[in-house]
There are 2 protein chains.
Amino acid sequence: MSQMENQRSDETVTADDVAKLAGVSRWTVNRAFKKDASISRKSREKVMGAAQTLGYVPDLLASSLASDRSNLVCLLIDDFANPHKLVMLERLTRVLRKNGLDTLLVNTSDEEDTSAALLNASQRRVDAAVLIGIQFTDRSLATALGARRVRKLIVFARSSENPDTISICCDDRAAMNEITDYIVEKGYRKPLFLAGPQSTSAHLGRKETFLKRWQDAFGATPDFVSVARYDPQLAYDQVVGYFADHPALNNVDIIVCENDALAVGAVDAIRTKLGLRVPEDIAVIGFDDIPQADSANYKLTTYRQPLSAMAEGLVEVLKGTSENEHLRHFLGKLVVRESA
Amino acid sequence: MSQMENQRSDETVTADDVAKLAGVSRWTVNRAFKKDASISRKSREKVMGAAQTLGYVPDLLASSLASDRSNLVCLLIDDFANPHKLVMLERLTRVLRKNGLDTLLVNTSDEEDTSAALLNASQRRVDAAVLIGIQFTDRSLATALGARRVRKLIVFARSSENPDTISICCDDRAAMNEITDYIVEKGYRKPLFLAGPQSTSAHLGRKETFLKRWQDAFGATPDFVSVARYDPQLAYDQVVGYFADHPALNNVDIIVCENDALAVGAVDAIRTKLGLRVPEDIAVIGFDDIPQADSANYKLTTYRQPLSAMAEGLVEVLKGTSENEHLRHFLGKLVVRESA
DNA sequence: AATGTGTTTGCACGCGCGTGCAATTTATTC
DNA sequence: GAATAAATTGCACGCGCGTGCAAACACATT
């Protein structure tokens, strides 16, 4: 009724309001909210008190605009059929958030090219874009980088040859070597490699490492088939198809899979369609250690990526704690269960 | 070499730069980028040309700040063990993006209470916060809403009693009724209900509907067990535990599960631990129709939520096309496979 | 009390764009 | 061709906060 001050029409309460109530300047208010700012304990308490009663919170949008740092990281994913992505998302969002970074999730399944999505991310001034998908090529990365605006481009859980890019991934070569050694030691001699999409950039991947290693050891290159997406269903179809074309079943005693998503499909195919047992008739070995791999039904022998370490590594890169390495490798761990 | 204009130190190119090059005012430049703005075709072309050569893109941060609309939606999830979440994420991000909305993903697994996460979201001025998890209670929602700043609070794929909230979900009651009818028709008479966490808000959920319906039909309330999280592993343990306590196996001819995450665990338990067949010995019916449900190994009979329609519904609510309904129901579809 | 050191505080200016309206240009009509 | 309507363009002001520095203050020392 009486005098209602110059309160804003709606109820956005800004630092100015708090400042007035606390009897300090606006800048002191914002300082109070900065972790290690130069401010006395007393005035910080005054400010916090006032902020409390007014329900004030600093506006990250305005802050980002002014400071040119958004504390926002963009995650680009196109590979939603692979259950491992959910694990990654969980881990990444958790670790990022613990470090004060928020996550912008972009689904690039629709895009021909990730460039458009990257552009979109750049419009939000994200501090970094993290690629977790499979569709992007080194060339499209280059294009996107040309437009700049995305300060850091990070390829997660995969390596990229683009020098302007930082890769954070499991050491695939060491991993496949370990897997190969394990297989050989266990006496498997007729492997089939089940690979993912081949269209991606020509990095020395799991398939290449395995085939080469096997070639070196036995002088023969194992057979392989590839699946168009990391999708258990497609893997299932592919395996069924393979054995339809190669009726001499005893030509394969183990299927080595590029990841668990494929491995799960392979197991299903072996049991359901071929009517065989895993691992007695055909063994299966995966990669990633998705939750399903540990289920009673699959008991998948697989290789666990050190996701937490990788996520922490990502944060280090983002914070600039460890500059200019184009590639950060992490060692994983072979998890032996029953499927191989 | 010669004169290099007053180019900014780093290379952020703003609308002003484009304006200068195109020979128009800054406002015309920004208009050119607005879908249906009042601008002549000719000057739009001029602007777009200049923007192209300069590599200009409008800054969404500044735009959000000025317009007070961020086109950002915050998704809060805590339930990463449930594979269905990945499907939801895929669908939501896709549909939102198609409608010009970006997605902020927040992992609330760590939080005692979603309030903190909501507060964080509010600092980014998200246009809406969408809750997809299970941990939040109606009370914590109320608290969060008290602080305002989050313009719209939406509960997705679940109903909430909070009147300031908009629920977008599958019609659980209709669904469970259909499921019950199906079960009854198929001759099952000894159901066990496998429920999720019971700590959540007291909405009339799938369990209640099923139990009540069965009670009405047969005068007896079926047994039920509940699992602490929607996690196949925990469901497995729970089912194993149940049958350890109830050795008279023929007391159950079907396990009705609150969702597929649980159903998958149930199937594993039945086969692996009990050594029984699905559906011959014990049938299983799920809910959600996760990708796994369609795999050769599970062939789960389940109920598919109309995710796309729900996502579109979400967009409508966000755009304000369909105001003030506290609850939007969508009808799903029973998917009959082999598990029941 | 004067000097010096270290700590707090205040402030001018800018981040890049939106809003609403007024000025200007272009199209339309008789 | 003048008058009127319609389409297009320009602009002052503000969104909420950060940066870097200078002024103000506190405290210890001689």
Side-chain angles (χ1 to χ4, degrees), chain A residues 6-20 22-47 50-51 54-72 122-127 149 151, chain B residues 6-20 22-47 50-51 54-72 122-127 149 151:
Chain A
N6 58 341
Q7 188 170 344
R8 297 271 178 324
S9 51
D10 48 37
E11 10 211 336
T12 18
V13 34
T14 81
D16 275 309
D17 302 326
V18 179
K20 214 173 303 167
V24 296
S25 76
R26 174 172 74 71
W27 293 271
T28 307
V29 171
N30 289 341
R31 275 202 194 89
F33 282 90
K34 270 189 71 175
K35 196 57 192 165
D36 21 44
S38 157
I39 188 177
S40 71
R41 207 165 56 83
K42 206 171 55 175
S43 50
R44 171 168 267 151
E45 278 165 6
K46 262 194 306 186
V47 169
L54 259 51
Y56 169 79
V57 261
D59 186 317
L60 288 188
L61 250 182
S63 164
S64 302
L65 180 61
S67 70
D68 201 38
R69 311 203 315 92
S70 61
N71 288 320
L72 238 194
S122 79
Q123 292 188 261
R124 297 247 180 227
R125 295 213 184 176
V126 298
D127 288 342
R149 302 270 303 184
R151 296 109 141 99
Chain B
N6 59 342
Q7 187 169 348
R8 296 272 178 323
S9 50
D10 46 38
E11 10 212 335
T12 19
V13 35
T14 79
D16 276 310
D17 303 326
V18 180
K20 216 173 304 168
V24 296
S25 74
R26 173 172 75 69
W27 293 271
T28 306
V29 171
N30 289 342
R31 275 201 194 88
F33 282 89
K34 270 188 71 174
K35 197 55 191 166
D36 22 45
S38 158
I39 187 178
S40 71
R41 206 164 59 83
K42 205 171 55 178
S43 49
R44 170 169 269 149
E45 276 166 6
K46 263 195 306 189
V47 168
L54 259 51
Y56 167 80
V57 260
D59 186 317
L60 288 189
L61 248 182
S63 163
S64 301
L65 180 61
S67 69
D68 200 38
R69 310 203 317 92
S70 60
N71 287 321
L72 237 194
S122 78
Q123 291 188 259
R124 297 248 181 227
R125 295 211 185 179
V126 298
D127 288 343
R149 304 269 304 183
R151 296 109 140 100

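All figures in this text were calculated on a predicted structure; none of them were measured in a lab.
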Task: Side chain A:Arg125 and base C:dG16 donor-acceptor under 3.5 Å - done: no

Open item on the list: If you compare every side-chain N and O of A:Lys46 against the phosphate oxygens of C:dT8 (OP1, OP2), does one of them come in below 4.0 Å?
Closed with: no

- [ ] Would you sort out whether A:Asp127 and A:Arg69 count as a side-chain contact (heavy atoms from CB on, under 4.5 Å), showing the intermediate values?
- [x] CA-CA 6 Å; A:Asp127 288 342; A:Arg69 311 203 315 92; 3.9 Å; yes

Open item on the list: Just N and O in the side chain of B:Ser43: are any of them under 4.0 Å from OP1 or OP2 of D:dT9?
Closed with: yes

Open item on the list: Output the rounded distance in Å from CG (A:Asn71) to P (D:dC17).
Closed with: 15 Å

Task: Short side-chain N/O contact from B:Ser67 to OP1 or OP2 of C:dT19, under 4.0 Å - done: no

TODO: Anything below 3.5 Å on both distances counts as a pair; with that, list the stems of at least three consecutive Watson-Crick or G-U pairs involving DNA chain C.
DONE: C:1-30 with D:1-30

TODO: Starting at atom CG of A:Leu65, determine the distance to atom P of D:dC15, rounded to an integer number of angstrom.
DONE: 14 Å

TODO: Verify the contact: side-chain N or O of A:Lys34 to OP1 or OP2 of D:dT19, cut-off strictly under 4.0 Å; return yes or no.
DONE: yes

Task: Under 3.5 Å donor-acceptor, A:Ser64 side chain and A:Leu60 backbone - done: yes

TODO: Kindly say if B:Ser25 contacts the phosphate of D:dG10, meaning a side-chain N or O under 4.0 Å from OP1 or OP2.
DONE: yes

Open item on the list: As a quick check of understanding, evaluate side-chain contact (heavy atoms from CB on, under 4.5 Å) for B:Gln123 and A:Leu61, giving each step before the final call.
Closed with: CA-CA 7 Å; B:Gln123 291 188 259; A:Leu61 250 182; over 6 Å; no

Task: N/O (side chain, B:Ser64) to phosphate O (OP1/OP2, C:dC17) under 4.0 Å - done: no

TODO: Map A:Ser63 and B:Val24 onto DNA chain D by nearest heavy atom, then report which one ends up closer to the 5' terminus.
DONE: B:Val24

- [ ] Calculate the interatomic distance between B:Arg31 atom CZ and D:dG10 atom P; express it in whole Å.
- [x] 8 Å

Task: Approximate separation, where rounding is to 0.5 Å, of B:Thr14 OG1 and B:Tyr56 OH - done: 7.0 Å

TODO: Check whether any side-chain nitrogen or oxygen of B:Thr28 sits under 4.0 Å from OP1 or OP2 of D:dT8, and answer yes or no.
DONE: no

Open item on the list: With a cut-off of less than 4.0 Å, is there a side-chain N or O of B:Asn30 near OP1 or OP2 of C:dG18?
Closed with: yes

Open item on the list: For the CG atom of B:Leu54 and the NZ atom of B:Lys20, what is their distance to the nearest 0.5 Å?
Closed with: 10.0 Å

- [ ] Find the distance A:Phe33:CZ to D:dC17:P and express it as a whole number of Å.
- [x] 9 Å

TODO: Identify whether any heavy atom of B:Ile39 sits under 4.0 Å from a base atom; if not, whether one sits that close to sugar-phosphate; answer base, sugar-phosphate or nothing.
DONE: sugar-phosphate

Task: Rounded distance (Å) that lies between atom C1' of D:dC11 and atom CZ of B:Arg26 - done: 9 Å

- [ ] Using whole Å, report how far OH of B:Tyr56 lies from C1' of C:dG16.
- [x] 8 Å

- [ ] With the side chain of B:Ala66 defined as its heavy atoms from C-beta on, choose the nearest nucleotide among C:dG14, D:dG14, D:dT9.
- [x] D:dG14

Open item on the list: If you compare every side-chain N and O of A:Ser38 against the phosphate oxygens of C:dT9 (OP1, OP2), does one of them come in below 4.0 Å?
Closed with: no

Open item on the list: Over all strands shown, is A:Lys42 touching base, sugar-phosphate only, or nothing at heavy-atom distances under 4.0 angstrom?
Closed with: nothing

Open item on the list: For the backbone of A:Arg125 and the side chain of A:Ser122, can you confirm whether one donor and one acceptor N or O come within less than 3.5 Å of each other?
Closed with: no

Task: Inter-residue atom distance A:Arg44.CZ - A:Thr28.OG1, 0.5 Å rounding - done: 11.0 Å

Task: Residue met sooner reading DNA chain D from 5', once B:Ala62 and B:Ala37 are mapped to nucleotides - done: B:Ala37

Task: Step-by-step salt bridge (charged side-chain N to carboxylate O under 4.0 Å, His left out) determination, B:Arg151 to B:Asp68 - done: CA-CA 11 Å; B:Arg151 296 109 140 100; B:Asp68 200 38; 3.2 Å; yes

Open item on the list: In whole Å, I'd like the distance from the CG atom of A:Leu60 to the P atom of D:dC15.
Closed with: 18 Å

TODO: May I have the distance from A:Trp27 (atom CH2) to D:dT19 (atom C1'), rounded to whole angstrom?
DONE: 12 Å

